[in-house]
Amino acid sequence: MTQTTVPVIFDLDGTLVDPAGGISGGIAAALAAAGLPVPGQDVLNSMIGPKLSDALRSVCKVPAEMLDEVIRTYRQYYLATGIAESRLYPGIREALETFAAEGRPVAVATQKPEGLAQIVLRHHGIANLFQSIRGSADNESSTDGPVGKADIIAAALADLSTQHAVMVGDRAQDVAGAIGNGLDCIGVGWGFAHDGELEEAGAVTVVDTTAGMVAAIGRLEAIHAAAMSEVRNDGAV
């Protein structure tokens, strides 16, 4: 890694991987199996990104005593069916391989349980391209380990041994988690954000293609390099 090469931390669902109905279909199946109302597709899509247990409580009003059952049913569906339905967004594999070739450290910070995130990334053959894969606790009822997006991003930063990186994500919580760690966040328009969500959250830019994402990372890297050069010049005797 060169002195000015900036590491990149990626969200997972909606940023690297298109769940293609695997998540929303699993939530719908789990709610139906528990005899609970199933919301419309737009509402189900809005639950992609936030921590599942939080979304089930706040959006679907799942009673606390039924939460573990619903999550367990969802996980069974997702492992059996949902992962196979997912796909990488166009250009993601190529961008990650380019970053690996140039020695740029990359990480994943997702609110999906960490073990499950590793399974998804291995399924798509890209797990080996990341220096760090961080997520929420595998037992979603546990308070051990990172508990929010900012904490998960902080854990990835610690793995990368840096306090400076660029976050890339598709939802407001990705932006908020980045800002909470003093990072810029590039929003991607191919995920599940509502119109204006990323801009309102404070994303430095929103891109519509992976080529645009790579270019935006390059621009932020140039700004960082210029800032570092100015600091060195100011400190010179």
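Just so we're clear, the structure is a prediction, and the values are computed from it rather than from any experiment. We number each residue from 1, following the sequence as shown.
From Phe99, atom CZ reaches atom CZ of Phe130 across 10.0 Å, with rounding to the nearest 0.5 Å. Rounding to the nearest 0.5 Å gives a distance of 3.5 Å between CD1 of Ile48 and CZ of Phe192. Rounded to the nearest 0.5 Å, atoms CD1 (Ile152) and CD (Gln173) are 10.0 Å apart. Atom-to-atom distance recorded for Gln118:CD and Asp138:CG is 7.5 Å, nearest 0.5 angstrom.
Of the charged side-chain nitrogens involved, none lies within less than 4.0 Å of a carboxylate oxygen, so that Arg171 and Asp11 do not count as a salt-bridged pair.
Between Cys60 and Pro39, the closest side-chain pair of non-hydrogen atoms falls below 4.5 Å. Contact check for Met167 versus Ile153: side-chain heavy atoms found under the 4.5 Å cut-off. Inter-residue side-chain proximity for Arg134 and Val108 is flagged as unmet; no heavy-atom pair is nearer than 4.5 Å. Taking the side chain as every heavy atom from C-beta outward, Tyr78 and Ile23 approach each other to under 4.5 Å.
Listed by chain and number, the residues in a side-chain contact (heavy atoms from CB on, under 4.5 Å) with Ser46 are Val43, His194 (sequence neighbours excluded). Not counting sequence neighbours, the partners of Ala127 by the side-chain contact (heavy atoms from CB on, under 4.5 Å) test are Leu121, Arg122, Ile133.
Val175 and Gly202 make their closest contact through CG1-C, 3.6 Å (heavy atoms, listed as atom of the first residue, atom of the second, distance). Nearest heavy atom pair, residue Arg104 against residue Val6, reads NH1-O, 2.7 Å. Counting all heavy atoms, side chain and backbone alike, Asp170 lies closest to Asp13 at OD1-O, 3.3 Å. Nearest approach of Ala30 to Thr73, heavy atoms of both residues: CA-CG2, 3.8 Å.
Pairs passing the salt bridge (Lys or Arg N to Asp or Glu O under 4.0 Å) check and including a residue from residues 83-99, sequence neighbours excluded, read Asp18-Arg87.
Side-chain polar atoms of Glu102 and Thr5 form no donor-acceptor pair below 3.5 angstrom. Between His123 and Ser86, the side chains place no donor N or O within less than 3.5 Å of an acceptor N or O (distance only, hydrogens not considered).
Asp195 CG: 12 or fewer foreign heavy atoms inside a 6.0 Å radius.
Following chains of ILVMFWY side-chain contacts shorter than 4.5 Å, one cannot reach Leu88 starting from Ile9, and the two form parts of different hydrophobic clusters.
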Item to check | Derivation and outcome, side-chain contact (heavy atoms from CB on, under 4.5 Å), residues Leu116 and Arg75 | outcome: CA-CA 9 Å; Leu116 190 54; Arg75 295 295 177 213; 3.4 Å; yes
